[in-house]
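Data block below; observations after.
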Amino acid sequence: PRMDDPMPTLWSMIGGEGAQTHKSYLRVLYMPSWNLVLGPLYAILGLMISTAKRSLRGGSESRSAEAQEAFRSLNATLFSGMALFTSAILTIFSIQIVRIGLGEATSIGAGIFFPLGGMLVFAVWGLIRILRRHGQGGSLREGGPAEGALTGGLADNANWKVGAFYVNRGDPSLMVESRFGIGYCANWGNRLAATFNLVALGLILALILLGFAL
């Protein structure tokens, strides 16, 4: 009730062309709603990563299980850290929107750059650590023969659509080691994993479209 009406648009608050719009709960609570959506999504994804399938390689002197465990643990840690940074950024954004509406601030402010910078440093540190000490799937730590075949159907091209999407209805795993890039990808043959990804994508797209409408 203490906010002026009209109030600045979200676009003008982040440096776009100055414009004003009518005050509403929806406009004020738009940024906090991102946290309400991303929070549970991050939590579920973090759990899925922490229980992702281990694609073991055989061979003498292989430490594949140990290497996979370390790689999976690091990925879960990195994802959790990025989730906390994202939450901090959205929280600062939400508070500043309220302060702008109350006339206590004129812009988002420089405070948001601290978690942004921290997130960038954290992401680069994690990437370097993976590339230098772990490798994709923990391959640098395995110690066994590099040509050892992956187990669990991950080496079977029939389970990969367009070479990048893992679809195996007979595999109960929610996530598996990515064939390209670093980290894990969803098993689109698992109904639970597929449903989660589609719901998450739908919620995020809905919020983006809502932002344009505001």
Side-chain angles (χ1 to χ4, degrees), residues 1-50 72-134 175 178 181-186 196-214:
R2 290 170 49 201
M3 288 184 180
D4 293 332
D5 191 6
M7 61 180 289
T9 63
L10 180 64
W11 174 243
S12 66
M13 289 181 186
I14 59 177
E17 183 179 353
Q20 291 188 320
T21 185
H22 288 295
K23 175 178 65 178
S24 72
Y25 284 107
L26 185 59
R27 291 186 174 95
V28 174
L29 295 177
Y30 175 70
M31 289 310 300
S33 68
W34 273 95
N35 253 344
L36 291 175
V37 169
L38 292 182
L41 293 183
Y42 270 130
I44 296 172
L45 269 177
L47 179 62
M48 290 168 65
I49 290 174
S50 68
R72 188 170 62 180
S73 177
L74 177 59
N75 271 269
T77 299
L78 289 173
F79 188 87
S80 299
M82 295 297 289
L84 291 174
F85 278 115
T86 301
S87 180
I89 292 168
L90 292 175
T91 299
I92 293 173
F93 211 124
S94 301
I95 292 173
Q96 286 301 99
I97 286 177
V98 174
R99 295 187 70 238
I100 291 172
L102 291 172
E104 298 175 359
T106 57
S107 66
I108 296 301
I112 200 169
F113 290 103
F114 291 102
L116 278 172
M119 183 167 65
L120 178 61
V121 171
F122 185 73
V124 171
W125 169 83
L127 180 61
I128 292 175
R129 188 174 180 87
I130 288 176
L131 293 177
R132 296 193 62 179
R133 298 192 60 182
H134 292 266
M175 302 190 78
S178 295
I182 296 175
Y184 297 94
C185 63
F196 169 77
N197 279 278
L198 292 174
V199 169
L201 181 61
L203 288 173
I204 292 173
L205 286 177
L207 284 175
I208 293 173
L209 293 175
L210 179 60
F212 283 109
L214 296 177

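- Across all their heavy atoms, Ile92 and Gly111 have their closest contact at CD1-O, 4.0 Å.
- With a 4.5 Å cut-off on side-chain heavy atoms, Ile97 and Arg27 do not count as touching.
- Partners of Thr86 according to the side-chain hydrogen bond (donor to acceptor under 3.5 Å, both in side chains) rule, which considers only residues two or more places apart in sequence or in another chain, are Tyr42.
- Sequence neighbours left out, the pairs with a member in residues 100-121 that pass salt bridge (Lys or Arg N to Asp or Glu O under 4.0 Å) are Arg2-Glu104, Arg99-Glu104.
- Here the CE-CG distance, from Met48 to Asn197, works out to 6.0 Å after rounding to the nearest 0.5 Å.
- Pairing each heavy atom of Leu207 with each of Trp34, the nearest pair is CB-CZ2, 3.5 Å.
- Counting heavy atoms from C-beta outward, Tyr184 and Arg72 have side chains that approach closer than 4.5 Å.
- A distance of 13.5 Å separates CG in Leu90 from CZ in Phe85, rounded to the nearest 0.5 Å.
- For residues 38-50, no pair satisfies salt bridge (Lys or Arg N to Asp or Glu O under 4.0 Å), with sequence neighbours left out.
- Remark: Asn75 pairs with no residue by the side-chain hydrogen bond (donor to acceptor under 3.5 Å, both in side chains) rule, at least two apart or across chains.
- Annotation: side chain of Leu41 is not in contact with side chain of Val199 (no heavy-atom distance under 4.5 Å).
- Not counting sequence neighbours, Ser87 has no partner by the side-chain hydrogen bond (donor to acceptor under 3.5 Å, both in side chains) test.
- The minimum heavy-atom distance between Ser178 and Cys185, with the atom names listed, is OG-N, 3.4 Å.
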Next on the checklist: Show, in sequence, the C-alpha distance, side-chain angles and deciding distance for Leu29 and Leu36, and conclude whether the side-chain contact (heavy atoms from CB on, under 4.5 Å) test is met.
Outcome noted: CA-CA 10 Å; Leu29 295 177; Leu36 291 175; over 6 Å; no
Let me have the donor-acceptor pairs involving side chains of residues 116-134, under 3.5 Å, with sequence neighbours excluded, atom names and distances please.
none

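- Interatomic distance, Ser50 OG to Leu45 CG, rounded to the nearest 0.5 Å: 10.5 Å.
- Between Ile95 atom CD1 and Ile112 atom CD1 the span is 10.5 Å, to the nearest 0.5 Å.
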